[in-house]
There are 2 protein chains.
Amino acid sequence: MDAIRTASGVPLKRLYQIFPSKNSLIEAYLRRRDARWLRNLAEYVDTYDAPEQRVLAVFDWLFLWFNEPDFRGCGFINAFGELGATSQEVADIAKAHKDAFRRCLADLVAAADAPAWLTDQLVLLAEGAMTTAAISGSPEPARHARDAARVLLPVAHAAASPLPEQAVALAHNPAPVSPGGTTTR
Amino acid sequence: MDAIRTASGVPLKRLYQIFPSKNSLIEAYLRRRDARWLRNLAEYVDTYDAPEQRVLAVFDWLFLWFNEPDFRGCGFINAFGELGATSQEVADIAKAHKDAFRRCLADLVAAADAPAWLTDQLVLLAEGAMTTAAISGSPEPARHARDAARVLLPVAHAAASPLPEQAVALAHNPAPVSPGGTTTR
DNA sequence: CATCTGAGAAAACGCCCGTTCTCCCACGGT
DNA sequence: ACCGTGGGAGAACGGGCGTTTTCTCAGATG
């Protein structure tokens with residue numbers, strides 16, 4: 001609080017007029033961050049035209065983000081880990097943010113004529129890249145996620161195309177895989 | 001502190017004899033958790049024999065973990081988000097834990113005759129599943145991660161096998177993908 | 001039996017920090 | 001010029017909590 005007062009120059013009195021409590025300030029901050037983050041991502045993706053490129057652009061953008069000097073991981077993941085157990089409001093905002101990100105990705109996946117289940121897989125790659133980049137302190141996870149997406153995208157696309165034999169062939173390709181578990185959801 | 005005292009029944013005095021400060025207690029807790037987590041994972045994986053199944057078993061185990069009633073996400077990710085910026089010690093423990101997990105996965109990948117770079121991709125799927133499961137409150141991300149791994153594993157295996165044409169065929173399968181960026185790192 | 005040691009229980013301290021209160025000045029109306 | 005209002009700056013309050021201290025007593029020792 002005092003640090004914010006000092007940094008912003010806004011007197012404490014006014015601060016409490018605008019935000020009745022510290023929590024409400026945090027929530028407002030997270031909401032603002034949510035909007036800006038999604039907007040920046042969308043703007044970057046929009047510099048590409050080809051649907052497949054637009055999907056992969058998400059991971060290129062992550063790489064740029066991870067390279068920012070003050071990158072400290074996804075603020076929503078951090079906030080959820082710290083406050084999610086005590087503040088339902090913060091938990092909800094984090095959940096809403098991740099849902100919005102998922103919808104964004106789902107749109108890109110749909111535009112690339114890939115099946116919807118690819119979305120969930122790409123979300124995991126992106127989220128995993130965020131936490132791994134934060135903890136390891138390296139931007140490389142974005143590249144690894146992109147590499148994985150480059151594999152998953154065509155496979156998913158083939159699975160959705162009118163030639164299902166391709167998907168089947170890919171599914172149990174050379175190496176036989178565990179019997180349990182369904183492939184789509 | 002007081003809650004720990006109450007819950008454990010250990011008097012505060014003795015607590016401070018064993019752990020000079022709250023931080024040292026937290027660090028000890030994280031170290032113990034680190035060992036237990038990796039041991040549980042290894043024990044579960046060891047119930048399988050086939051190398052490919054052992055890789056996928058990691059995600060089955062994640063599913064079991066996510067279904068535990070008090071699952072609140074990966075404690076190391078949470079601790080890093082909350083304390084990583086202020087406590088170098090906590091940051092190091094989190095990093096060490098994730099490194100150990102990565103090594104565990106790398107061994108499984110090597111045993112399945114898959115190239116090393118698959119490890120990084122599986123790590124991202126697992127980490128992403130942890131955070132997504134925590135925030136969404138659902139265990140399903142484990143299944144999605146497993147589905148993705150089921151696709152990546154045979155492709156990677158094929159890429160490492162002495163028939164590189166398969167990998168190339170898979171790489172630019174039906175849908176051409178973004179020109180920029182290298183495939184392996 | 002007297003005494004000393006060490007552990008247990010809980011009160012007390014001190015600090016941090018979110019929140020509120022007080023003081024003071026500048027400005028606008030009459 | 002006088003006075004009331006509103007906003008700025010910082011001190012002050014209060015609770016929470018990590019840490020320390022005090023008090024007491026059980027058991028061992030000479």
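Letters A, B, ... are given to chains in the order of the sequence lines, protein chains preceding strands, and every chain is numbered from 1.
- No continuous path of ILVMFWY side-chain contacts below 4.5 Å connects A:I4 to A:L83, so the two sit in separate hydrophobic clusters.
- Axis orientation changes by 30° from one end of the helix from C:dC1-D:dG30 to C:dT30-D:dA1 to the other, with each end axis drawn from 5 pairs and the value rounded to 10°.
- In this structure, A:R143 forms a cation-pi arrangement with A:F63, its terminal cationic atom sitting closer than 6.0 Å to the ring centre and no more than 45° off the ring axis.
- Within 6.0 Å of atom OH in B:Y29, 12 or fewer heavy atoms from other residues, nucleotides or ligands are found, so the atom counts as exposed in its surroundings.
- If you check the side chains of B:Q88 and B:D92, you find a donor sitting under 3.5 Å from an acceptor.
- Aromatic ring centres of B:F101 and B:W37 lie closer together than 6.0 Å.
- A heavy atom closer than 4.0 Å to some atom of DNA chain D occurs in A:K13, A:R14, these being the qualifying members of residues 13-25 of chain A.
- In this entry the distance linking CD1 of A:I26 with P of C:dC17 reads 13 Å, nearest Å.
- In the hydrophobic clustering of this structure, B:V90 does not group with A:I135; members are Ile, Leu, Val, Met, Phe, Trp, Tyr whose side-chain heavy atoms approach within less than 4.5 Å, directly or through other members.
- On the nucleic acid side, DNA chain D contacts chain A at distances under 4.0 Å to non-hydrogen atoms, with the end points of that region at D:dG7 to D:dG10.
- Judged by the 6.0 Å distance and 45° axis criteria, A:R33 is not positioned over the aromatic ring of A:F76.
- Using a 4.5 Å cut-off between side-chain heavy atoms of Ile, Leu, Val, Met, Phe, Trp and Tyr, with links allowed through other members, A:M130 and A:L41 fall into the same hydrophobic cluster.
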Given A:E82 and B:N78, is the side-chain contact (heavy atoms from CB on, under 4.5 Å) satisfied, shown in steps?
CA-CA 6 Å; A:E82 181 171 355; B:N78 294 347; over 6 Å; no
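- Looking at every heavy atom in both residues, B:L108 comes nearest to B:V55 through O-CG2, 3.6 Å.
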